[in-house]
Trainee: 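Please read through the structure below; I'll follow up with questions.
Please read all numbers here as calculations on a predicted model, not as lab measurements. To find a chain, count down the sequence lines: A is the first, B the second, and so on, and within it residues start at 1.
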Protein chains: 4
Amino acid sequence: MNRRTFLQAALAAPLPLAAQTAESRAPRNIRITGVEVIVTNPEQSPMGNYVLVKIVTNQPGLIGWGDATCTGSDLAVAKMLEEHLAPGLIGQNPLQSEMLWKRIFYLPYYRSGSVHMSAVSGVDMALWDIKGKVAGLPVYELLGGKVRDSLLTYWSTGGRDFKQVEDGVRRFMSEGYKVVKVQVSAPGMEGGYAVPPTEKQRAAIQAAYEKGMPPDEVWEPESYVRILPRLFEHLRKTLGEDIGLLHDVHERITANQAVALAKTLEPYRLFFLEDLLPPENLDTFRLIRQQASTPLAMGEVYVGAWEGHSLVTEHLIDYVRHDLAHCGGITTGKKVAIAAEPYGILTAWHGPGNISPITHFANCHVSLSVPNFGIQEESRGWGPKVREVFSDFPAVKDGYVTIGDKPGLGVEVNESAARKYPYVRRLRPAIRRQDGTPWPY
Amino acid sequence: MNRRTFLQAALAAPLPLAAQTAESRAPRNIRITGVEVIVTNPEQSPMGNYVLVKIVTNQPGLIGWGDATCTGSDLAVAKMLEEHLAPGLIGQNPLQSEMLWKRIFYLPYYRSGSVHMSAVSGVDMALWDIKGKVAGLPVYELLGGKVRDSLLTYWSTGGRDFKQVEDGVRRFMSEGYKVVKVQVSAPGMEGGYAVPPTEKQRAAIQAAYEKGMPPDEVWEPESYVRILPRLFEHLRKTLGEDIGLLHDVHERITANQAVALAKTLEPYRLFFLEDLLPPENLDTFRLIRQQASTPLAMGEVYVGAWEGHSLVTEHLIDYVRHDLAHCGGITTGKKVAIAAEPYGILTAWHGPGNISPITHFANCHVSLSVPNFGIQEESRGWGPKVREVFSDFPAVKDGYVTIGDKPGLGVEVNESAARKYPYVRRLRPAIRRQDGTPWPY
Amino acid sequence: MNRRTFLQAALAAPLPLAAQTAESRAPRNIRITGVEVIVTNPEQSPMGNYVLVKIVTNQPGLIGWGDATCTGSDLAVAKMLEEHLAPGLIGQNPLQSEMLWKRIFYLPYYRSGSVHMSAVSGVDMALWDIKGKVAGLPVYELLGGKVRDSLLTYWSTGGRDFKQVEDGVRRFMSEGYKVVKVQVSAPGMEGGYAVPPTEKQRAAIQAAYEKGMPPDEVWEPESYVRILPRLFEHLRKTLGEDIGLLHDVHERITANQAVALAKTLEPYRLFFLEDLLPPENLDTFRLIRQQASTPLAMGEVYVGAWEGHSLVTEHLIDYVRHDLAHCGGITTGKKVAIAAEPYGILTAWHGPGNISPITHFANCHVSLSVPNFGIQEESRGWGPKVREVFSDFPAVKDGYVTIGDKPGLGVEVNESAARKYPYVRRLRPAIRRQDGTPWPY
Amino acid sequence: MNRRTFLQAALAAPLPLAAQTAESRAPRNIRITGVEVIVTNPEQSPMGNYVLVKIVTNQPGLIGWGDATCTGSDLAVAKMLEEHLAPGLIGQNPLQSEMLWKRIFYLPYYRSGSVHMSAVSGVDMALWDIKGKVAGLPVYELLGGKVRDSLLTYWSTGGRDFKQVEDGVRRFMSEGYKVVKVQVSAPGMEGGYAVPPTEKQRAAIQAAYEKGMPPDEVWEPESYVRILPRLFEHLRKTLGEDIGLLHDVHERITANQAVALAKTLEPYRLFFLEDLLPPENLDTFRLIRQQASTPLAMGEVYVGAWEGHSLVTEHLIDYVRHDLAHCGGITTGKKVAIAAEPYGILTAWHGPGNISPITHFANCHVSLSVPNFGIQEESRGWGPKVREVFSDFPAVKDGYVTIGDKPGLGVEVNESAARKYPYVRRLRPAIRRQDGTPWPY
């Protein structure tokens with residue numbers, strides 16, 4: 001088939017459904033006829049806006065669902081999809097997922113970044129969902145099949161003091177968790193990352209939400225890096241060596257504090273230390289690796305397959321933690337895992353509650369299929385309205401996650417429910433130092 | 001002022017205008033009261049959508065204009081500004097441009113990329129415009145003052161054969177240009193970058209525009225890299241050595257073709273060779289520099305100050321060509337120039353017709369003020385409706401650009417005119433190889 | 001499911017066919033019940049032994065075919081499969097291709113190398129064939145779908161003098177080929193790589209075959225590196241610039257000759273220069289890249305996904321040429337392509353006549369699905385008895401290869417035909433220098 | 001002798017024994033007339049298959065014995081020798097061991113790896129055995145003569161708890177051993193490397209053997225890396241500092257665990273830490289060396305002289321541990337030792353019970369002759385049937401090994417005994433993580 005014929009085929013109007021024949025239903029004749037975006041916030045919660053992508057085809061009943069959620073940029077992503085990318089998909093064969101990824105990547109010329117790549121991610125997941133349904137197989141089979149039956153997972157507990165954290169870990173251990181993420185408040189701070197805020201800060205956040213403004217949060221890294229080793233000393237003393245512990249710095253400290261912290265935490269043998277630094281600081285990662293064996297995880301802010309690639313090829317980290325809703329979907333996740341394989345670097349895909357269950361399924365499909373799997377962050381406690389919108393959720397039991405074996409991703413969206421719950425403006429906090437300097441979240 | 005007071009001040013409602021006093025007009029009390037976005041396309045042309053940012057303050061008549069245009073993602077940028085970034089600016093002091101750049105950079109957490117950074121760029125320019133107006137000085141004075149009086153510039157000519165290109169260059173030479181960008185069609189291609197398309201391709205583009213779909217364009221790099229050295233051989237034979245010639249590859253070739261091309265073009269002593277490669281291919285730049293002295297320019301697709309930083313610190317290029325409408329505005333442009341200075345790398349800011357005149361002014365302010373200036377791309381031939389919307393344009397004469405000395409950026413927007421001309425959907429072409437493979441623009 | 005249950009499931013005897021139910025036919029219940037190896041040489045030709053792998057399942061009619069051919073080690077590969085690897089596959093789910101690749105990779109502990117990895121490759125292809133059949137889709141759909149519709153290809157012509165080579169190229173050009181591989185005899189040599197031997201050498205080869213001994217071939221690299229640039233000078237003069245030319249050195253020269261040759265050939269702009277050096281000589285590749293832009297291709301002797309990985313991460317080559325029948329099959333091919341993607345390195349999978357058509361199909365499935373495809377070597381002129389054994393062949397037309405869209409790999413084996421044509425001992429030549437030193441083939 | 005004459009000589013039929021003369025017995029006229037392979041398992045034990053190579057010459061009584069044993073691939077090695085390599089040896093002069101190594105290395109074109117190189121190793125040893133017999137000297141004399149009279153050695157003890165291990169070490173200390181290898185069970189694991197399995201696991205292994213299937217073994221690295229430092233803390237406390245202790249990780253942990261383990265074990269001053277990582281993870285070795293002084297040993301899985309060469313030239317290890325039965329025999333062993341000498345890296349050739357006594361002799365000949373000898377692993381407790389097949393064994397006394405001074409390697413094979421004991425299929429375990437992931441042995 002020469003190029004001209006190809007274009008004619010691709011741009012041809014989809015066959016009217018009445019005209020469906022065995023030939024028109026052949027995989028090579030499937031065409032995308034629509035790309036719809038639904039922004040929904042079932043629980044009307046601060047981190048609960050989801051940007052869902054529905055790809056419709058010329059085949060009766062054949063649709064795919066993807067997740068383009070990007071907290072903090074949701075409506076920009078939705079607009080990117082509707083106005084700037086969808087026209088590049090109409091008339092194309094959805095099975096050509098790799099080609100379409102590149103097509104909508106190059107389409108805007110000024111490309112990449114969180115907004116564009118979240119949009120690409122949502123499309124990519126929906127295309128894999130369609131492919132699995134056409135194949136009659138769960139997506140993990142298309143990615144090489146299961147390398148394992150279930151996925152080691154963890155969940156997070158944060159406290160305002162050591163005892164609260166310890167109690168949280170014990171609660172998760174009693175549920176069978178083998179690994180728990182622990183966060184603690186820094187002395188004198190009203191808020192912090194992944195810890196309960198003070199009452200005062202809670203009220204300030206609420207007030208800001210009501211005005212549609214970003215809440216302010218003050219953060220001082222020095223008190224935090226001083227208290228953290230003492231938390232782990234406490235936990236190892238009280239809980240012993242047999243529980244995996246991990247921690248997320250969330251980029252909130254300086255370069256030198258990062259070097260010192262990785263070294264100071266070494267005796268407590270963390271499962272991993274996450275987002276120790278802004279991702280740009282490649283040189284600091286080099287310093288850290290010369291001095292400390294504390295395992296490092298990075299990746300949730302990377303977009304595209306090759307951001308952070310040098311962290312891998314120089315083996316500066318131990319876990320890749322890309323968010324499949326931002327980095328380019330399943331296609332990218334699989335590439336990132338493969339690029340990490342020759343270095344013995346393991347996967348730990350980002351899986352918080354502020355991405356939709358669709359990404360959680362995407363995470364599990366990739367995690368099941370890659371040899372160099374490490375751990376899978378998995379959310380829990382989905383509220384009743386989220387459960388009304390999404391047909392299924394990964395199951396956590398005894399510290400392991402499993403998914404079923406439905407064709408495609410295995411999760412469908414109840415559209416009329418989704419459309420009931422509109423987008424809510426809840427701005428993320430603007431973090432500043434005591435002196436007013438803006439600081440990474 | 002301690003932190004608490006600062007926050008209270010920042011979040012206070014702006015003073016009613018009636019209550020203005022000497023104190024309320026003091027620079028420390030200026031506050032942002034609104035961020036407005038206008039998307040306008042005065043000429044209703046394919047590349048003519050502009051995303052304009054207007055920042056309003058609590059001072060009567062004190063506003064700033066910035067340019068957040070990002071062809072291919074315009075409406076997503078507008079939404080990013082209106083919904084996700086503007087709330088982070090309201091109530092803040094616009095003179096704190098550096099702080100606000102960081103504030104809205106960190107605000108969405110998942111950050112950077114063309115959409116987010118174009119939005120930041122537009123805000124940044126508007127803040128500098130305000131600052132200049134408060135100071136009663138053109139922005140270049142705030143950046144260190146003029147290092148030169150006028151700016152070497154070039155314009156582009158493209159032809160379907162060598163003779164057409166030669167004639168184009170001669171025309172520009174007769175107008176006093178010292179440097180001309182030359183582009184030629186590759187044999188057998190209907191389109192190409194910056195060359196006139198065939199009639200057939202022109203019709204196909206028009207048809208796609210009417211459907212709101214991306215036009216298709218077929219591109220084969222091999223025939224292009226074979227003809228290009230022959231074009232320069234022809235031009236040097238017919239035009240001599242005294243005219244500066246530059247060329248833009250626009251990333252359309254493979255890594256190895258790039259190495260070979262830089263080497264093959266060496267004898268023709270280009271002013272620079274632009275966008276030889278996708279910006280990710282750092283390693284290929286290293287290969288090229290080991291083998292060829294052809295001067296290289298890169299940068300128009302970089303967002304943020306530090307993308308492409310290794311190209312500078314390893315001295316892999318000779319010109320930084322960031323687009324101030326995408327990389328973070330004047331603040332970023334100044335930083336990029338400074339980081340390049342110790343290496344003798346010169347500036348050549350991107351200045352095509354598909355960014356608004358506001359960015360062209362921003363370019364000139366930075367170019368006038370940095371010691372390591374190289375050349376300034378400057379657009380020409382602005383249509384009458386563009387001239388209705390914008391109050392002023394940089395002046396080109398004898399191959400040099402100048403701007404006036406009005407306070408701020410020196411260009412105002414006629415809002416009622418701008419609002420007459422709505423956004424037009426004109427998708428960029430989807431470039432593919434003969435066999436159907438997607439290819440960079 | 002805990003580990004014990006997993007093992008019980010995996011090792012359970014396959015259900016008797018009579019007992020098949022919807023449940024027993026579910027993908028999760030498919031099990032491998034047999035691994036058969038057929039060594040066949042349909043044309044009884046020197047390079048025509050094929051080692052075919054048939055994987056049988058507990059599903060009526062569901063089998064997969066793979067190619068474990070490894071010329072020069074065929075019977076060792078067959079024995080490796082039958083005795084040492086097959087027991088690791090029985091009772092396993094064939095859809096778990098990634099897991100089974102690792103399982104039989106680690107099984108013998110002393111691992112890797114041409115014999116073991118050819119065996120793994122054959123198994124891997126058969127597993128992907130099964131997966132595609134279960135999905136009802138051609139394998140390329142499972143790998144991301146078509147990124148292009150057809151594959152640029154080349155074929156080879158060798159002559160004893162320049163005119164013979166020139167005539168060969170013209171013949172291929174008249175058939176529509178855009179790229180041709182050219183080889184020429186070195187003066188004074190009776191044989192050579194991919195060129196017609198002298199009558200005397202032909203007789204010597206025949207005599208050795210009859211004795212079951214390796215023929216001897218004398219090779220002197222110096223006369224070869226002297227004549228090669230003159231061949232390309234001749235071809236560019238007589239054929240012009242518009243035909244792609246490539247050449248295979250087949251590792252037959254010294255390190256310094258390689259550096260000099262890559263440099264001397266630069267003006268003739270080869271499509272690529274293949275196997276310039278033994279793969280171990282990483283340091284010489286570094287020397288070459290500092291001096292010459294001649295595009296380099298390597299890979300046909302690599303086994304496993306990560307041999308030669310440094311050639312990629314240091315960007316020392318331009319094309320990866322792994323042989324999917326030796327490097328680990330489709331699973332490895334996809335990984336190698338992905339690892340090459342961030343460097344702009346392209347694929348050019350090895351596709352000679354001495355691997356079976358099954359590998360040729362595997363090549364095409366991967367080539368169709370990867371964004372960074374370069375070219376696909378494709379064999380032609382399969383004899384009538386080969387056509388009796390294999391159900392289909394990739395089609396070459398106008399210099400491009402296509403395959404159909406049958407589920408799985410798209411090629412079946414006529415077993416009774418295959419079993420008619422036994423293995424033939426035809427040893428490869430033992431290459432030596434004039435003084436007797438053994439030399440790479 | 002010019003090249004033509006050489007070939008004629010090489011291909012000439014060996015002289016009939018009756019025609020032997022002084023001239024025909026001259027070393028230059030010795031020719032290989034046969035290559036025979038015997039696969040024997042005297043004790044019918046799981047790890048007891050030996051692949052023996054016998055090279056026969058045209059000289060009455062002049063034969064050589066080599067060991068091509070490769071547990072897990074034995075029959076493939078035998079087939080490789082018989083079918084694919086032997087024809088390249090017939091008619092050649094066995095004294096040209098270096099030339100023949102290269103000849104049969106290049107012969108199959110797709111080369112190297114465990115199967116091919118084990119075959120080459122067996123041939124190489126047999127050629128050195130012949131050379132020594134022709135010279136009337138033990139092989140060590142041909143390698144430079146004895147640098148020492150006896151070889152420091154160690155043996156291994158493994159236990160299910162610390163006390164068992166401690167008792168084992170004491171037993172070896174009482175026999176005069178200066179260095180002991182210690183292994184301990186990881187908590188909760190049924191098996192493990194070099195430790196006694198539980199009764200349950202023993203039964204499972206037996207059941208798998210009876211079916212001819214690989215036994216399954218579950219392995220979790222985390223509990224192992226946690227207990228190991230505590231083992232050494234226990235041993236140093238109970239046994240003091242005066243006993244050399246070493247440990248073999250057998251590649252069973254992740255990259256990051258390896259870095260942390262090497263660092264954590266530092267205070268216990270191991271003699272060496274062996275196979276800490278899969279050999280591919282060069283970059284991880286770099287990380288380790290930046291952080292820990294624990295002595296590292298690697299090599300038993302390397303094939304060929306130059307695999308792992310970067311570990312030496314970057315001084316990433318302290319001991320080379322190649323297995324002379326897999327890496328290319330005595331020729332390769334000598335080269336590896338020489339390449340390590342300028343770095344002060346010492347030898348510690350692999351010497352387990354699952355290679356035949358012939359390799360143990362080869363080990364000793366090289367170990368005696370190299371200046372940079374470290375330690376020699378030596379097996380003990382050869383059963384009575386092994387003693388029936390092989391004429392001699394290295395002697396261990398007081399923690400040192402010695403061999404005699406017979407010409408050649410010093411060990412002959414009782415062929416009729418060997419042929420009594422056939423190959424037994426005993427597959428190595430398939431190691432998997434708790435979740436089912438395959439894992440290195």
Trainee: If you tally heavy-atom pairs under 4.5 Å against chain A, which of B:Ala78, B:Ala119, B:Ser114 wins?
Mentor: B:Ser114

Trainee: Please report the interatomic distance CD1(B:Ile90) to CE(A:Met213), rounded to the nearest 0.5 Å.
Mentor: 6.5 Å

Trainee: Looking at A:His84, A:Glu251, A:His309, which has the largest count of heavy-atom pairs under 4.5 Å with chain B?
Mentor: A:His84

Trainee: On a heavy-atom basis, which atom in B:Pro214 and which in A:Gly88 lie closest, and how many Å separate them?
Mentor: CG-CA, 3.9 Å

Trainee: Please list, in residue-number order, every residue in residues 299-307 of chain B that has a heavy atom less than 4.5 Å from any heavy atom of chain A; write 'none' if there are none.
Mentor: B:Glu300, B:Val301

Trainee: What pairs with A:Tyr110 under ring-ring contact (aromatic ring centres under 6.0 Å, His included), at least two apart in sequence or on another chain?
Mentor: B:His326

Trainee: With chain A, which of B:Glu82, B:Lys79, B:Glu83 has the greatest number of heavy-atom pairs at distances under 4.5 Å?
Mentor: B:Glu83

Trainee: Mind checking the CG-CE spacing from A:Leu75 to B:Met80? Nearest 0.5 Å is all I need.
Mentor: 10.0 Å

Trainee: Specify which of A:Tyr423, A:Phe105, A:Tyr441 makes the most heavy-atom pairs with chain B at under 4.5 Å.
Mentor: A:Tyr423

Trainee: Between B:Ile104, B:Leu427, B:Leu85, who has the most heavy-atom pairs with chain A when the cutoff is under 4.5 Å?
Mentor: B:Leu427

Trainee: B:Pro108 and A:Gly72: which non-hydrogen atoms are nearest, and at how many Å?
Mentor: CB-O, 3.5 Å

Trainee: With a 4.5 angstrom heavy-atom cut-off, could you sort out which part of A:Trp439 is near chain B: side chain, backbone, both or neither?
Mentor: backbone

Trainee: Would you please name every residue forming a side-chain contact (heavy atoms from CB on, under 4.5 Å) with A:Pro438, sequence neighbours left out?
Mentor: B:Met99, B:Lys102, B:Arg103, B:Tyr106

Trainee: Quick check: does any side chain N or O of A:His116 sit under 3.5 Å from a backbone N or O of B:Val115, one acting as donor and the other as acceptor?
Mentor: no

Trainee: A:His250 versus chain B, heavy atoms under 4.5 Å apart: side chain, backbone, both or neither?
Mentor: side chain

Trainee: Name the region of A:Ser112, side chain, backbone, both or neither, that has any atom closer than 4.5 Å to a heavy atom of chain B.
Mentor: backbone

Trainee: Could you check if a side-chain atom of B:Arg425 sits within less than 4.5 angstrom of a side-chain atom of A:Pro87, using non-hydrogen atoms only?
Mentor: yes

Trainee: Counting only non-hydrogen atoms closer than 4.5 Å, does A:Pro279 touch chain B with its backbone (N, CA, C, O), its side chain (CB onward), both, or neither?
Mentor: side chain

Trainee: With B:Arg286, which residues qualify under side-chain contact (heavy atoms from CB on, under 4.5 Å), at least two apart?
Mentor: B:Leu282, B:Asp283, B:Glu314, B:Leu316

